[in-house]
Amino acid sequence: MFKIFLVNIFICIIFLNYANASNLDPEKILDEVDDLYRSNSSHGIITLSVTTINWKRTLTLEQWSKGEDNSLIKVLKPKKEKGLATLRVDKNMWNYMPKVKRVIKIPSSMMSSSWMGSHFTNDDLVKQSRMTEDYTFSITFEGTREGKDIIEITCIPNKDAAVVWGRVEVIVFRNDYIPIRMIYYDEDLLLSRILEFTDIKIMDGKMIPTLMSMIPVNEPDESTIIRWEKIQFDVSIDDEFFSLRKLQQ
Amino acid sequence: MMPKALMIIRIAWRSIWRSKRRTLISIFSIVIGTGLPTFTVCLGWGFYNGLIDDVARLMAGHVTYEHVEYRNSPSIDLWVDDIQAINSALNNNDEVLSTKQMVLLQGVAHTAKGAVGVSLMGIEPSKEISVSFLPDSIVSGEYLSQGDGRRAIIGNKLAERLNIKVGKKFVFTSNDINGELVEDLFRVKGIFKTGSSAFDSYVVQSDINFAREVVGLNSNATSQLGIIVKNPDNHDKILERWQNELASNDGVFLSWRQIMPDIATYIYMDRGSLVIIMIMLVILVQFTMFSTILMSVLERKREFASLLAIGTKHVELNLQIFFETLIFGLIACPIGSFLGVGALKWVEGYDISKLIEANPEDMSIGGFTMDPIITPFFSAPLILQISIIIFLLVLILGIVPMFLVSRISIVDELRA
């Protein structure tokens, strides 16, 4: 009798664990990761540090965003690059060069160019796709790894999705779905780049990783680090704010 | 008069064979003077024609129909409409070998390895197979076929830069007809190698219908309609007629020279320099010819003086020298032409890159590789033209000796 009781308890524990896992909705988690820095609108100060084999530079940027379609980023420091700005409205992108006082619309042929010398391309900024639309996903690990209670979601691109990766692993904290790491593999499933999220802080009432590091695997000595110094969510910004006139101011 | 002229011709004929060595030297120099330009010009013209034809078949034809503003700003929002009617009319034209519709997109190809700026050509695979050499340049995988959708072929250099192989994917980003950014997934069906670094590292081809779909063009619109004509030399006249008969308000028929000015300028300059070199060469050979003809007259001064003393007229002597020169030209120029053509036949089909130890990349012009296989341009009018020019030059050379004969002093020469 006691043995039957123990077996029942064991089955219950397994069932409860299973029930717990099945309660996790990977779609919801991916949406939360996608919307981490998105809000109805936001305004913040960012430090962008780019390290390459030959040089290193740090820029202080001011950014505004509204929805998924509008964003404006302006360089505050260093002084010689102050005023350099990038405007994105829908899928269009413009750069303003204060030294020559010219606005340049970024054509598709320049989408592969580096944005502000970083390891991000103009295309990375313009991309508005959501992971839940482009990938088939499933939870592939749930539990403790490296002392952290995590969930690992493995995303496989849909057959015809415009995605260059062969697989993306999204690792988040289990309790609040804050991302820890995103690992990108190429089509041959070779490691391609790692996006690390660290230094989690509460900013304007929202817990976010304030440090995002991008490390290309084939150039391990290089990196791009984005630090959110300040961010406010749901600030009031008019649609007219994201205009070419504002870009040049 | 006639028997006298015949007699002078007979005397001229006999006279030139009195000194066989001198005559053979004269004829040899004229043969070289005719054969060398024939060989070089036909060889050069063959390369130029081959290059023009290859580029026309690979790209936008000998004549291209496109939007009137497309040359100034080659973007996808400048397309030509009602293309199927024009295409059908052209395909029923006897002067047209084939037509090819193309949608041309500038953009970026991305893989996990990186991103590279590319030009995507949406083409009709069945047409390309029949007119272009690109299907024969596939080194891995297969060429496109109708309805291939998102399958594409890329150059070997581009494949290296993007680190992709046959069957692998890349994302292409471009602007649609409304200027909006669009991106789509493509899979590599084949990898080509033309030898031109610029072409192999920049061009992607896919089925035209999918390219239209990507940018939002309807099936009756295209960026360019390339027309391969049967006689490329005549294409300037044809395009004027087509412009009046077929073009819509915003469409224009252009020559390959306007579509690919780099290649046109190169050929123009190279052809010009070849002609200058040939003129210099002919002048040098003419000097040899001139000296032999002159010597043949000068060493017979005493003989001419004797003839004049016994009553021969100056005009008859001049006629004899003229006929001698004429005979030289009539014998040597055809031999020179035949020898030039023979030499061309001998080198025809030879791979010139082996001779100059050049890579195909070293032989590219305006981003297109010249075919290293020698294919001379055998044109009877061109060969005849060269032969006639040399023949006329030989006749002109006879004027100086004729002038010298007319100034012979009979007394001085007979006394000497």
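Each chain gets a letter, A, B and so on, in the order its sequence line appears, and its residues count up from 1. We use all heavy atoms of the structure for the numbers below, so side chains are in, but hydrogens, waters and symmetry mates are not.
Minimum interatomic distance between L185(B) and D160(A) (heavy atoms only, all atoms of both residues): CB-O, 3.8 Å. Closest approach of V163(A) and V171(B) over heavy atoms only: N-CG2, 3.5 Å. The minimum heavy-atom distance linking S192(A) with A112(B) is given by the pair OG-O, 3.5 Å.
With a 6.0 Å radius and a threshold of 12 heavy atoms from other residues, nucleotides or ligands, Y268(B) has its OH atom at or below the threshold. In K113(B), the NZ atom is not crowded: 12 or fewer heavy atoms of neighbouring residues, nucleotides or ligands sit closer than 6.0 Å.
Evaluation of the ring pair (Phe, Tyr, Trp, His ring centres under 6.0 Å) rule for F192(B) yields F199(B) as partners, not counting sequence neighbours. F253(B) is linked by a ring pair (Phe, Tyr, Trp, His ring centres under 6.0 Å) to Y65(B), W242(B), counting only residues two or more places apart in sequence or in another chain. In this structure T51(A) satisfies the side chain to side chain contact (heavy atoms under 4.5 Å, CB included) test together with K56(A), S223(A), sequence neighbours excluded.
Of the residues considered (V182(B), T111(B), I164(B)), T111(B) shows the highest number of contacts with chain A, using heavy-atom pairs under 4.5 Å.
Using a 4.5 Å cut-off between non-hydrogen atoms, the part of residues 182-190 of chain A that approaches chain B consists of D186(A), E187(A), D188(A).
Listed for the K169(B) side chain is no donor-acceptor partner under 3.5 Å among the backbone atoms of A161(A).
Heavy atoms closer than 4.5 Å to chain B are found nowhere in P216(A), neither backbone nor side chain.
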